[in-house]
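This report refers to the structure that appears directly beneath it.
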Amino acid sequence: MTVTKKDLLHAFKIMVTARAMSDLFEEKREITSKYVHATSRGHEAAQIALGMHVLPKDYLSLYYRDDSVLLTIGMSPFELMLQLLAKKDDPFSGGRTYYSHPSLNDPDKPKIPHQSSATGMQAIPITGAAMGLRFKEVTGLLNEEELGAIAVCSIGDAAMTEGEVSEALQMAVLKKLPILYFVQDNGWDISANAIEIRAQNAYEYAAGFKGLERMTVDGSRFDVVYSATKKAIEIVRSECRPVLLHVDVPLLGHHTSGVRKEFYRDDLEQHQLRDPLPYLKKLLREAGVSDQQLEEIQGIARKIVDDSFDKALKAEEPDPLDLSKHYFAPTPITEERGERAPVGRDKVVMVDSALFAIRELMAKHPEALLYGQDVGRRLGGVFREAATLAEHFGDERVFNTPIQEAFIIGSTVGMSAVGLKPIVEVQFADYIWPGLNQLFTELSRSYFLSNGKWPVSAVIRVPIGAYGSGGPYHSSSVESVLTNIRGIKVVYPSTGADLKGLLKAAFYDPNPVVVLEHKGLYWSKVKGTEEAKTIEPDANYIIPIGKARIVRSAESVRGESTCLIVTYGMGVYWALEASKGMESRVEILDLRSLVPLDFETVASRVQVHNKCLVVTEEPVNNSFAQALAGRISEECFQYLDAPVRVVGSVDTPAIPLNSKLEAFVLPNGEKVKNVLEKLLGF
C-alpha cells in the first residue's frame with residue numbers, strides 16, 4: 001500500500017516535533033527530570049501511524065511512552081509540557097499525574113479514559129470499553145455518531161506477560177469485541193531484555209487465543225507500519241472483531257528520565273541503525289521533497305518546541321487548595337425518597353429485595369446490565385440473587401463471565417466511559433483479591449487523576465461474611481481493606497429495605513460503589529436475624545449513601561447508665577440479642593454506609609449516651625472498627641464516661657471450616673453482652 005506524499009509530510013512534521021521534544025528534555029534534564037517521564041524516541045513511526053488512523057468516536061488507551069500518539073491526535077507540545085512539568089493547566093490531570101498519562105474527553109479527539117502507570121493494567125478497562133461498544137451495538141443503543149467506533153489498547157510487549165492482559169484477550173475473543181491491541185516491542189523491560197523475561201513475543205503469544213487476528217510488522221519503517229495499522233483497524237472497524245498488531249521498534253531513548261540507557265544497555269548502536277527518522281526522510285526524498293524543505297520543517301518544529309518549553313516553565317503551579325476537588329463526583333441522591341414499608345405488602349427475604357431492586361433498575365434503564373460469575377440464565381447467582389433476570393432481560397444484558405475477578409471489576413471503567421451502567425458481581429468476598437488491583441489502580445483514582453473528566457459509575461456486589469460453615473475461602477470479612485481504598489464508596493446494609501434502597505443509590509451514584517451483602521442475612525436462616533426480612537419498599541425507594549439508621553433508640557435517664565452500640569451487617573443482630581432486657585439503656589446505630597461514614601450521627605448519639613461499643617465481624621486489630629473507635633475516642637473524648645470498646649472475631653488468619661470452631665471465632669450475642677454489661681457498669 002502506497003502512502004501519499006501528504007501523509008508522509010504530515011507524519012514527518014509530527015516525528016520531528018516529537019524528536020525535538022525528546023532532544024530538549026535531554027538537554028534540559030536538570031529541569032525536566034524533576035518529574036519522571038519517558039518519551040517515544042524510536043517508537044515515533046509506529047505511534048504516528050496509529051494516531052493517524054483513530055477517529056474522535058474511538059476509545060484509546062495509551063501507555064507512558066505514547067507522546068507521539070498524543071501529538072498525532074492533536075495535542076500540542078505546550079499541552080504535553082504542562083503535564084511534563086506538572087502545571088495547573090495540564091489538560092489531562094491538572095498536575096496530578098505523570099507525563100504521557102492522558103485523560104481526554106474532547107469532542108474532536110479520541111476518548112482517553114484515565115491512564116494509570118501499572119503496565120498491562122490498561123488492557124482490561126479498554127477491553128471493557130470495547131465490550132460496552134459491542135453491547136450498545138447489539139442492543140440498539142449506539143447513536144449515529146458512534147457507529148463503527150472501536151477501542152484501541154496501546155501497550156508495551158513486556159507488559160503482555162501480565163495475567164490481566166490474558167483476561168482481556170480472553171474476553172475480546174469470547175465476545176468478538178471491536179478492539180485493536182497495538183503492541184510496541186522494543187525488546188526491553190526496564191533493565192531486563194526479552195531473553196530474560198518472556199518465552200515468546202506478543203505475536204507468538206496471541207496464537208493461543210482462538211479468533212484473535214494477529215499481525216507483526218517492522219515498526220521503524222513508517223510506510224510499512226502505516227499500511228499494517230490501516231489494515232488492522234479496517235478489520236476491527238468493519239468486521240467487529242479483535243486484532244493484535246505486534247510492531248517491532250527500536251528503543252533510542254532512556255527507559256525513563258530516571259533509568260538511563262547507559263546504565264545497563266550494550267545494544268545502543270544496533271538500535272540506532274533502525275532509527276525511523278532517517279528512513280522517513282528517505283521516503284520523502286523519493287516522493288520529491290527536498291532536503292531544504294525537510295530542514296525547514298525541522299527548524300520550525302524545534303522553534304515551536306523551544307517556545308512551548310519556555311512558556312510552560314512560566315505557567316502557573318497547581319493550588320494545593322484544589323486537592324480536595326474531584327474526590328467523589330457529586331451524587332444526585334441526597335435524601336431518602338419513596339415508601340419504605342408500603343401498606344399491604346408482605347415481608348420478603350433480603351436476597352429478594354436485592355433481586356427486585358436490580359430488576360426495577362434494568363427495566364427502567366436500558367443502559368444497565370449485569371454480569372459476573374454464574375449470574376446468567378442457568379443459575380442466577382450462587383445465592384439466587386440474580387434469579388430470573390436473564391429471562392427478563394436477555395443474555396446480552398445478564399451474562400456469565402469467566403473466573404476473572406480483575407476483568408469483572410476493571411471492565412466497568414470502560415463500560416462506564418462509553419455511557420453504560422454496569423452492575424457486576426464477585427461471587428464471594430474471599431475472591432475479590434484478584435480484582436483489587438483494578439479497583440485500586442483504575443476505578444478508585446480515575447475521577448481524581450483525570451481532574452474530574454472520567455468518574456467511574458459502577459455497582460460491585462460482593463457477598464460477604466461467615467455463615468453455615470463456609471470455611472476459610474467463603475467466609476471472609478474484607479471491609480477494612482476496601483475502606484482504605486480512597487475514591488470508592490462502601491455500603492453494608494443489614495436489612496432488605498436498606499439493601500434495596502442502597503442498591504438504587506449505588507446505581508445512580510457516578511462513583512464506584514461496593515455493596516457488601518452478608519450471606520447469613522440473605523435468607524434470614526440464622527436465628528435472631530428475622531428482622532433482616534422487611535416489607536419490600538416501593539420502586540421509588542432510595543437511601544442516600546452515607547446516612548446511618550437508628551435501629552433502636554434509647555434516651556438517657558438521670559441516674560441510669562446508657563450505651564450506644566455502633567455496628568453494621570450481622571453486628572446489628574448480635575447487638576439486638578445482647579441488649580435483650582436492657583432495651584431502654586442500649587441504643588443501636590446501624591452505619592449502613594462505611595464510606596462515606598455518617599460520623600455526625602455517631603458523634604451526636606455518643607454525646608447522648610456517653611458510652612460506646614463498636615461491634616464488627618472482623619478481627620479487631622488494625623480494623624475499620626478499631627479506627628472508628630479511635631476516632632470516637634479522639635473527637636468525642638469530652639463526652640465519654642468510659643473507654644470506647646470494640647468486639648470482633650478472634651484474631652485468626654481465616655475462618656475455620658468446623659462449625660464449632662467457626663462459632664468460637666465469630667462474635668455472638670453473648671460475647672457482645674459481656675462487654676456491654678461491663679461498659680454499662682463502668
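Computed from a predicted model, the values in this text were never measured in an experiment. All heavy atoms count here, side chains included; hydrogens, waters and symmetry mates do not.
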Query - Straight-line distance of S579 OG to R585 CZ, nearest 0.5 Å - result: 11.5 Å
Report task. Would you check if there is a donor-acceptor pair between the side chains of S116 and E442 at a distance under 3.5 Å? Result -> yes
Query raised in the report: Hey, is D498 close enough to R592 for a salt bridge, meaning N to O under 4.0 Å?
Result: yes
Query - Interatomic spacing from NZ in K500 to CG in D538 - rounded to 0.5 Å - result: 7.0 Å
Report task. Check the surroundings of atom CD in E367: do more than 12 heavy atoms from other residues, nucleotides or ligands lie under 6.0 Å from it? Result -> yes
**Report entry** Heavy-atom pair with the smallest gap, counting every atom of P366 and L141
**Finding:** O-CD1, 3.5 Å
Query - Audit row: K504, E360, salt bridge (Lys or Arg N to Asp or Glu O under 4.0 Å) steps and yes/no - result: CA-CA 9 Å; K504 294 285 184 80; E360 289 167 0; 2.8 Å; yes
Report task. Using a strict cut-off of less than 4.0 Å between a Lys/Arg side-chain nitrogen and an Asp/Glu carboxylate oxygen, indicate whether K547 and D598 qualify as a salt bridge. Result -> no
Query raised in the report: Would E583 and K580 pass as an ion pair if we require N to O under 4.0 Å?
Result: no
Query raised in the report: When you look at E339 and N540, which way does the side chain to side chain contact (heavy atoms under 4.5 Å, CB included) test go after all the steps?
Result: CA-CA 7 Å; E339 196 169 352; N540 297 317; over 6 Å; no
Query raised in the report: For F328, is the NZ or CZ atom of K489 found under 6.0 angstrom from the centre of its six-membered ring and inside 45 degrees of the ring axis?
Result: yes
Query raised in the report: Can K325 and D322 be counted as an ion pair, charged N to O under 4.0 angstrom?
Result: yes
Query raised in the report: Do E618 and S623 meet the criterion of a side-chain donor-acceptor pair at a distance under 3.5 Å?
Result: no
Query raised in the report: Does a donor on one side chain sit under 3.5 Å from an acceptor on the other, for Q373 and E425?
Result: no
**Report entry** R359 and H392, any side-chain heavy atoms less than 4.5 Å apart
**Finding:** yes
**Report entry** L436 vs I409, side chain to side chain contact (heavy atoms under 4.5 Å, CB included): CA-CA, chis, key distance, verdict
**Finding:** CA-CA 8 Å; L436 281 190; I409 292 175; over 6 Å; no
Query - Parallel, tilted or perpendicular, as decided by the 30° and 60° cut-offs, for the rings of Y431 and F428 - result: perpendicular
Query raised in the report: Thinking salt bridges, do E517 and R461 make one under a 4.0 Å N-O criterion?
Result: yes
Query raised in the report: Can you find a pair of side-chain heavy atoms, one from K611 and one from T562, that are under 4.5 Å apart?
Result: no
**Report entry** Derivation of the salt bridge (Lys or Arg N to Asp or Glu O under 4.0 Å) call for D319 and K88
**Finding:** CA-CA 7 Å; D319 186 346; K88 179 179 180 179; 5.8 Å; no
**Report entry** Test side chain to side chain donor-acceptor pair (under 3.5 Å) applied to Q438 and E164, step by step
**Finding:** CA-CA 9 Å; Q438 290 289 324; E164 293 185 13; 2.6 Å; yes
Query raised in the report: Donor-acceptor pair, W574 side chain versus T567 backbone, under 3.5 Å?
Result: no
Query raised in the report: How long is the gap from CD on E662 to OG on S649, to the nearest 0.5 Å?
Result: 9.5 Å
Query raised in the report: Around atom CZ of R397, are there more than 12 heavy atoms of other residues, nucleotides or ligands at under 6.0 Å?
Result: yes
Query raised in the report: About how many Å separate CZ of F92 and CG of L82, when rounded to the nearest 0.5 Å?
Result: 10.0 Å
Requested in this report: Taking atom types as modelled, find out whether H114 and S446 have a side-chain donor-acceptor pair closer than 3.5 angstrom.
Outcome: no
Query - CD1 (I550) with more than 12 external heavy atoms under 6.0 Å - result: yes
Query raised in the report: Which heavy atom of A654 sits nearest a heavy atom of P472, and at what distance?
Result: CB-CB, 3.7 Å
Query raised in the report: Between E316 and K87, is the closest basic N to carboxylate O distance under 4.0 Å?
Result: no
Report task. Verify side chain to side chain donor-acceptor pair (under 3.5 Å) between S93 and H101, making sure each step is shown before the conclusion. Result -> CA-CA 8 Å; S93 73; H101 286 57; over 6 Å; no
Report task. Would you kindly say whether Y98 and Q83 are connected by a side-chain donor-acceptor distance under 3.5 Å? Result -> no
Query - Inter-residue atom distance F682.CZ - C563.SG, 0.5 Å rounding - result: 12.0 Å
Query raised in the report: Between N668 and E577, is any side-chain donor less than 3.5 angstrom from a side-chain acceptor?
Result: no
Query raised in the report: For the atom pair OG1 (T529) and CH2 (W523), what is the distance rounded to the nearest 0.5 Å?
Result: 13.0 Å
Query raised in the report: Does the side chain of D430 pick up a donor-acceptor pair with the side chain of S476 at under 3.5 Å?
Result: yes
**Report entry** Over 12 foreign heavy atoms within 6.0 Å of CD, E530
**Finding:** yes
Report task. Verify whether one side chain among S553 and R605 offers a donor that lies under 3.5 Å from an acceptor in the other. Result -> no
Query raised in the report: Are a donor atom and an acceptor atom from the side chains of T616 and Y568 found within less than 3.5 Å of each other?
Result: yes
Query raised in the report: Can you check side chain to side chain contact (heavy atoms under 4.5 Å, CB included) on T495 and M350, steps first, answer last?
Result: CA-CA 6 Å; T495 70; M350 195 167 170; 5.8 Å; no
Requested in this report: Taking atom CG of N622 as the centre, report whether more than 12 heavy atoms of other residues, nucleotides or ligands fall under 6.0 Å from it.
Outcome: no
Query raised in the report: Taking all atoms of both residues into account, what is the closest heavy-atom pair of P596 and I545, and its distance?
Result: CD-CG2, 3.7 Å
Query raised in the report: Does a donor on one side chain sit under 3.5 Å from an acceptor on the other, for S411 and Y371?
Result: yes
**Report entry** Ring-face cation of R96 near F448 (centre distance under 6.0 Å, axis angle within 45°)
**Finding:** yes
Query - Cation over ring face, R631 and F599, 6.0 Å, 45° - result: yes
Query raised in the report: If we only count heavy atoms from C-beta on, is the I488 to V595 side-chain gap below 4.5 Å?
Result: no
Query raised in the report: Is the closest side-chain heavy-atom distance between V513 and V515 below 4.5 Å?
Result: yes
**Report entry** Side-chain heavy-atom pair L594, L591 within 4.5 angstrom cut-off
**Finding:** yes
Query raised in the report: Side chains of V418 and F135: does their closest heavy-atom pair fall under 4.5 Å?
Result: no
Query raised in the report: Honestly, is K671 close enough over F664, meaning NZ or CZ under 6.0 Å from the six-membered ring centre and within 45° of the axis?
Result: yes
**Report entry** Sub-4.5 Å side-chain heavy-atom contact between P510 and T331
**Finding:** yes
Query raised in the report: Are R445 and S450 close enough, and set up right, to give a side chain to side chain donor-acceptor pair (under 3.5 Å), and what steps lead you there?
Result: CA-CA 8 Å; R445 297 177 169 191; S450 70; over 6 Å; no
Requested in this report: Taking the six-membered ring of F507 (Phe, Tyr or Trp), confirm whether the NZ or CZ of K421 is under 6.0 Å from its centre and within 45° of its axis.
Outcome: yes
Query raised in the report: Can you list the steps and then say if H518 with Y573 is a ring-ring contact (aromatic ring centres under 6.0 Å, His included)?
Result: CA-CA 12 Å; H518 199 290; Y573 301 96; 9.2 Å; no
Query raised in the report: Is the closest side-chain heavy-atom distance between V566 and C612 below 4.5 Å?
Result: yes
Report task. For side chain to side chain contact (heavy atoms under 4.5 Å, CB included), just list the numbers for V348 and K533, CA-CA rounded to whole Å, side-chain angles, deciding distance to a tenth of an Å, and then say yes or no. Result -> CA-CA 5 Å; V348 297; K533 293 168 53 176; over 6 Å; no
